[in-house]
Amino acid sequence: MDSVFIYIALAALFGLFMAWGIGANDVANAMATSIGSRAITVKQAILIAAVFEFAGAVLAGGEVTSTIRKGIVDASSLSAEPEVFIYGMLAALLAAGVWLLVASWKGWPVSTTHSIVGAIVGFAVVGIGVDAVAWGKVGGIVASWVASPLIAGILAFLLFNSVQWLILSQPDPLAKAKRYVPFYIFLAGFTMSLVTVFKGLKHLDLELTTAQSYLLAFGIGLVLAIIGKVVINRIEPNRKAEKRNHFFTVERVFAVLMVVTACGMAFAHGSNDVANAIGPVAAVISVAQEGIIGQDSPVSIWILLLGGVGIVVGLATYGVRVIATVGKKITHLTPSRGFAAELAAASTIVVASSTGIPISTTHTLVGAVLGVGMARGISAIDLVVVRRIFLSWVVTIPVGALLSILFFFILRAIFS
Amino acid sequence: MSNYFSKVFGSSPVEPIQNHMEICFQASKKLVALFEHAMAGEWDRVAESREEIVELEREADDLKKQIRAQLSRSLFMPVPRRDLLDLLLVQDRIANFARDVSGLVIGRKMEIPASMQDDFLSYVVRNVDAAKAARKSIRELDELYATGFQGAEAELVISLVEELDRVENDTDAMQVRVRNELFSIEKELPPIDVMFLYRVIELVGEIGDMAERIGRRLELLIAR
């Protein structure tokens, strides 16, 4: 079957293209707060991003991938002509990829998640029929786009308030930071690994009981906290720098914590956003190989690997430069703030990933940044830009849908 | 290619406001030298000091405009925009009064009566001290932001403001004394010179008053 090979090759190509785009552009937003706060260098950020984006995609990216692959479109009515489904998914990939390319070239705030969901809904409505869209599920996804920044914002607000209360407003913030920061490290490590252990290890054929999962996550958190504690204890006050800023050394303690949350952020981003690229690929491949739509086999690991590789390549070829520019622009964000935003956003995203909900990493992070701002943590936030970012999906969805409809008709004309 | 995420973070007004305070303080500080030269009758050097003050005042003005433009209405900040702009305006008036005083001194070739020179100079120095104390509190502004305007740092700033108030109280007492000294000899002096001497005493006192108002502004920022 020649056409099967062509479909798979095209899907892999388009999927790689989109994963490349995510790595080139989107990753920068996930890593920017870490670099902006000078907690890690650009080089370290790229290394962290490469490792943890990949790990997130492979270990925890499965659930969102299956939502994108078969959760949005109910294609059971299409069993007679599975090609329509294949054209549609290819069109959706191409539409989202092209739209993202244009948007990032123009500097428009566009989310990969919104693009791909809009594109899939678009082709499904036109190519199959209005009833083919699982509107309940889509409604839930759209609701989560409102809820996720909100939740991340509240979490960040609480986190930063606790930092102010426990550390920053104390008479001896350095001693307090050295005491409490390891707990935050534990919290970050525990949350990230718990969600991953619960949902991610399926792909590696590891089945753990609930108690074992908690124990493992607890252990990982503890080990990270101990390593963090050792590093923190080595930090000596820099008297000269402290003359100008009493919090110089305190922030260096938070910088240790931020290395952990930066890893968490990259992991969370990989776990949620890689699905935007490879969900449709997985759909095309399973239909092309077996001719069945909506069957229940889990996403095969090589597809997750493909997405992970795509992101890392995008990061290495183009993302490096974007990360450097974005990081340079975010000044005035200290590690004590950056960590609160990142931990809140990463936790929200990872929980969404584990339940298979595709959400926007950038929106969630912006919500978290606002939360820190509400806690009087950031000297200035530009609300016009924030509003523009949040409103962007109103435009992105119809554009993604229209483009995908266009590509759908073109592909169908070519192949039939 | 531009990235939109970084634009979420507006540029912080804290450091520019601190720089502005520094310039305004420097302008007021030059008044001490200016009066010393005036009392010594070295009018060339008075003119030099005057030039330096005018230059600093202009610098402060430019920076003020720049900060104002930067503080757009769309910014979300831990303190009300209005309060920051008010703070900036009060700071700026320190430089303005310094310029006005220097202008009067050189414009009228003002001679301070010998009997009151010592007290007058200490009065100027004390007002400059008030501006210096205001600068010291404003130097804590970045730390106030770092702590979210609460806790130990807020208490430190409150204590700095109390110190500033003490200095300002001194200037008030000294102003009364200098005025009385002038009053006791005013009949022996040309009346128009006396009028302008009173005016200069008043204007120098404004520097201390502005410094005190900077303290009030800081207290307001913390109180919210």
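To find a chain, count down the sequence lines: A is the first, B the second, and so on, and within it residues start at 1.
Contacts between A:Gln170 and chain B at a heavy-atom distance below 4.5 Å involve the backbone alone (N, CA, C, O). With a 4.5 Å cut-off on non-hydrogen atoms, A:Val384 touches chain B through its backbone and its side chain both. Neither the backbone nor the side chain of A:Val372 comes within contact range of chain B, judged by heavy atoms closer than 4.5 Å. For A:Arg388, no part sits under 4.5 Å from any heavy atom of chain B, backbone or side chain. Of the two parts of B:Glu155, neither the backbone nor the side chain holds a non-hydrogen atom closer than 4.5 Å to a non-hydrogen atom of chain A. Looking at A:Ile389, only its side chain comes within 4.5 Å of chain B, counting heavy atoms on both sides. Contacts between B:Glu153 and chain A at a heavy-atom distance below 4.5 Å involve the side chain alone, from C-beta outward.
Remark: aromatic rings of A:Trp145 and A:His114 are close, center separation under 6.0 Å.
Of the listed residues (A:Ala380, A:Ser392, A:Gly373, A:Pro173), the one with the most heavy-atom contacts under 4.5 Å to chain B is A:Ala380. Note on A:Val386, A:Val250, A:Ile378: by heavy-atom pairs under 4.5 Å with chain B, the leading option is A:Ile378. Ranked by heavy-atom pairs under 4.5 Å with chain B, the first of A:Leu168, A:Asp382, A:Leu383, A:Ile381 is A:Ile381. With chain A as partner, the option from B:Pro13, B:Ser11, B:Ala154, B:Ala152 having the largest number of non-hydrogen pairs under 4.5 angstrom is B:Ala152.
Residues passing the side-chain contact (heavy atoms from CB on, under 4.5 Å) test with A:Thr362, sequence neighbours excluded: A:Asp26, A:Asn29, A:Ser360, A:Val366, B:Tyr4, B:Phe5. Considering only residues two or more places apart in sequence or on other chains, A:Trp20 meets the ring pair (Phe, Tyr, Trp, His ring centres under 6.0 Å) condition with none of them.
A salt bridge is defined here as a Lys NZ or Arg NE, NH1 or NH2 lying under 4.0 Å from an Asp or Glu carboxylate O, and B:Arg216 with B:Glu219 meets this definition. A salt bridge does not link B:Lys65 to B:Asp92: none of the charged nitrogens lies less than 4.0 Å from a carboxylate oxygen. Ion pairing between B:Asp62 and B:Arg58 fails under the 4.0 Å rule for side-chain N and carboxylate O.
Counting only N and O atoms by type, the side chains of A:Glu251 and A:Ser336 include a donor and acceptor under 3.5 Å apart.
Annotation for B:Lys30: atom NZ does not count as buried by contact number, only 12 or fewer foreign heavy atoms lying within 6.0 Å.
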